[in-house]
Structure formats: structure tokens, C-alpha cells
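Structure first, then comments.
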Amino acid sequence: MRIILTGFGAVGQNLAKILRDENERFVHSYGFKPSIVAVSDSRGHCVDENGLDLDRLLKTKAEHGTVAKYPGKGEKGQADMSLIDETEAEVLVEVTSSNFHDGEPGLSNIKTALASGKHVVTTNKGPLALAMPALLELAEHKDLRFRFSGTVGAGTPFLDFASKCLARDSITGVRGILNGTTNYILTRMEAGSVTLKKALSEAQAKGYAEADPTNDLEGLDTAAKVVIVANWVLKRRLSLKDLEIKGMDKVSSEWLRKAKKNSKKVKLIGKIDQSQASVKLEEVPFSDPVCVPGIMNALSYSTLHSGQVTLIGPGAGGEQTASAVIRDLIDVRGEYTE
Ligand SMILES: NC(=O)c1ccc[n+]([C@@H]2O[C@H](COP(=O)([O-])OP(=O)(O)OC[C@H]3O[C@@H](n4cnc5c(N)ncnc54)[C@H](OP(=O)(O)O)[C@@H]3O)[C@@H](O)[C@H]2O)c1
């Protein structure tokens, strides 16, 4: 399997490390022998149709900050679409930054890959939040695989759990906590009686929040995940504009204290039921399985026959998310070689 990799940050580099270190296991267990033939970051790209040396690739990025310096095969400047269109490969792995305004550069990368006959695996939420119905349709029309399990829950398989394990039951609704940054902030505000600002700077110091946390605090990151679950699990063709989205601006220490007195916690809940899809702060009883602390995520599926089934796990991390990409690549390979 020849792979083009767009984006070489935490997820892209962890993917390269796993492929470098566990090559034998993939060949032995799955007959899966991936080869990365092109990589881009924001400052350049490199291509070797015989397969890039992953150790050299990782060292180049660590030493120079860009893959453009890969010896003999790198080039400075942002790659244009010909990198995806013209490089011979079976799969695009799209792991550039999530952009909720216009989805770029991920949206064009994914469209170009599908149009040129390549399967796509992505962890980038932007293109899915804005154009998931159209992208699913394009992949189906082209008879190509399009997988994105790392977009919701990083390594915790919230999507696969629903689409594989609960597939025979009927899922009537979904609700839960899908953003570790805001959950950490709410947990710290309540347990440590600190302000949102202080809790946010703690989260940033621990690497749980990005330098610009706007998408998390405004609820957009949770909303993007609700859109993905709605489309993939419930087959509801929603986009970001169809959701009611309220972020963290109404939270106060007083509200958290009052809720605690009633054995409840205030949580940022993403929800889809028969009539609506939303993201907002809600009081949740301590005994509710989605009432998880810190950076944990929890998603509860209401099913017709099995009742409420909840999956809990870490929702972020470069290595965890890269493991979801591997899961998807093995799935894609299994399907297109069937
Ligand atoms: N990390 C997680 O826990 C996690 C979990 C779930 C989903 N995700 C999603 O997975 C994706 C990757 O996450 P990450 O943590 O790896 O992010 P990251 O560390 O910020 O890396 C983003 C990568 O995209 C590259 N990039 C940005 N603009 C580009 C452009 N125009 N052309 C080519 N490359 C470009 C960056 O280049 P430079 O290296 O030059 O800056 C960087 O290599 C994001 O969409 C994120 O939302 C991440």
C-alpha cells in the first residue's frame, strides 16, 4: 500500500514511528506492507515513489522543522494538488490542522485524492464538519474507501464500536462528552475552585489545550464530532450549520457549586436525538455513565434493544490518534483487496 501523507505534526510523526517500529507485526498479522511515498507539511514536501526512509524522514523533521530538507527528495514551499493527483499511490492519509471556516487545506486534499482514484483516511475534522455528506457521496460514487475513525475519540473507537458492534441493533440517540480540553477545564474549575482562565492555562501547560483554544471553548470541536457521529452512525446528513452550538461562555463557579450540592456536574454535552442535534452545557448526575472527569471522553448510545451502552476512553493524543489511522488503513486494505 503506497501512502501519501499530508500533514506531519503530532499525528503524522506518530504514524511514521509506528510504521517504522512495527513493520514486522503488520506484515505478519495482516499481510499489510505500507510504504509512505510522499509527505507534506506547511513549509514543503518530499517524494520518493520507491518509499521514503521513515527514520530519515523523522530525523529531518526534528532537525530542520520541515520535510522539505529530506536529502535529495525534498522541496521547499507548500505543495500544490499535483502532489496528490500525480503521485502514484493507493491511499491519502490527511492529517493537516482542522479548519472549521473553510475546511482547507484538508478539504481540497481529500477531494483531489478521491477524484484521482485514491482511498482516504483522515483525522482532520474540518472537512467532515463542513462537507461530510458530499464527501461520503463522492467516495461512494467513485467506489473508494473513506475512513476517519480518529476524528472522534482519537484512539478510543467510538465510531467503530457503533458501526461494527452495535450495527445489528437500532441506535436511537447519542450523547456524551467529546472534548477533553473543556472537560479538563470544568473538572479543575469544580475540584480546585479555580477560574476558567486559570484552568485553561493549566490545561495549556499540560499540553491538553492548544495555544488557540477557541474551537474547543466555543463548542465547535464537539459539534464537528457530533456531525461525524450523526452522518456515520445515524445516517443523518447533517453539517455544522444544522446544529445548535453553545460553548463555555455561560459557565460560572457558582453554577458548578450549585450543581454539586444536587449531586450533579456541569458538562459540555454533544447530543443527537430524533428531533435535534446540539452542543451545550448541561447538569449531569454523578451517577450518569457519561459523567467522566478530566480529559476523558464518554459517548452513550441509546439502542432499541440493548438499552444505553456507553464507551469511555481518552479522546486525544498524537500516538492514540495515529493508532486509529493504522486501524483504518488495515480496514481499507482488507476491503479493497477483497
Ligand atoms: N493530536 C490529537 O490528539 C488529535 C486527535 C484527533 C484528531 N486530531 C486532528 O488530526 C489532525 C492532525 O493533528 P496533529 O495533532 O498532528 O496537529 P499538528 O501537530 O498541529 O500538525 C498539523 C500538521 O499539518 C501541517 N499543515 C498545516 N497547514 C498545512 C498546509 N497548508 N499544507 C501542508 N501541511 C500543513 C502542519 O505543518 P507544520 O509541521 O509545518 O506546522 C503540521 O505538520 C488535526 O486536524 C487534528 O484536529 C488530532
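The shown structure was predicted, so the numbers you read here are calculated from the model rather than taken from an experiment. Each ligand, and each atom within it, is numbered from 1 in the order the structure gives.
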- In terms of side-chain heavy atoms, does Asn179 have a donor or acceptor partner in Thr182 at a distance below 3.5 Å? yes
- Query: Looking at side-chain heavy atoms only, is the closest gap between Asn215 and Ser98 below 4.5 Å?
  - Reply: no
- Query: Linking Ile, Leu, Val, Met, Phe, Trp and Tyr by side-chain heavy atoms under 4.5 Å, what else ends up with Tyr184?
  - Reply: Tyr208, Ile295
- With hydrogens left out, which residues have an atom under 4.0 Å from ligand 1, given that only heavy atoms count? Gly7, Phe8, Gly9, Ala10, Val11, Ser40, Asp41, Ser42, Lys61, Gln78, Val95, Thr96, Ser97, Ser98, Pro105, Thr123, Asn124, Lys125, Gly150, Ala316, Gly317, Thr321
- For Ser97, what residues pass the side-chain hydrogen bond (donor to acceptor under 3.5 Å, both in side chains) criterion, not counting sequence neighbours? none
- Message: Can you confirm if the NZ or CZ of Lys265 lies within 45° of the ring axis of Phe286 and under 6.0 Å from the centre of its six-membered ring?
- Response: yes
- Connected to Ile269, directly or through other members, by ILVMFWY side-chain contacts below 4.5 Å are Ile177, Val284, Val290, Val292, Met296, Ile312
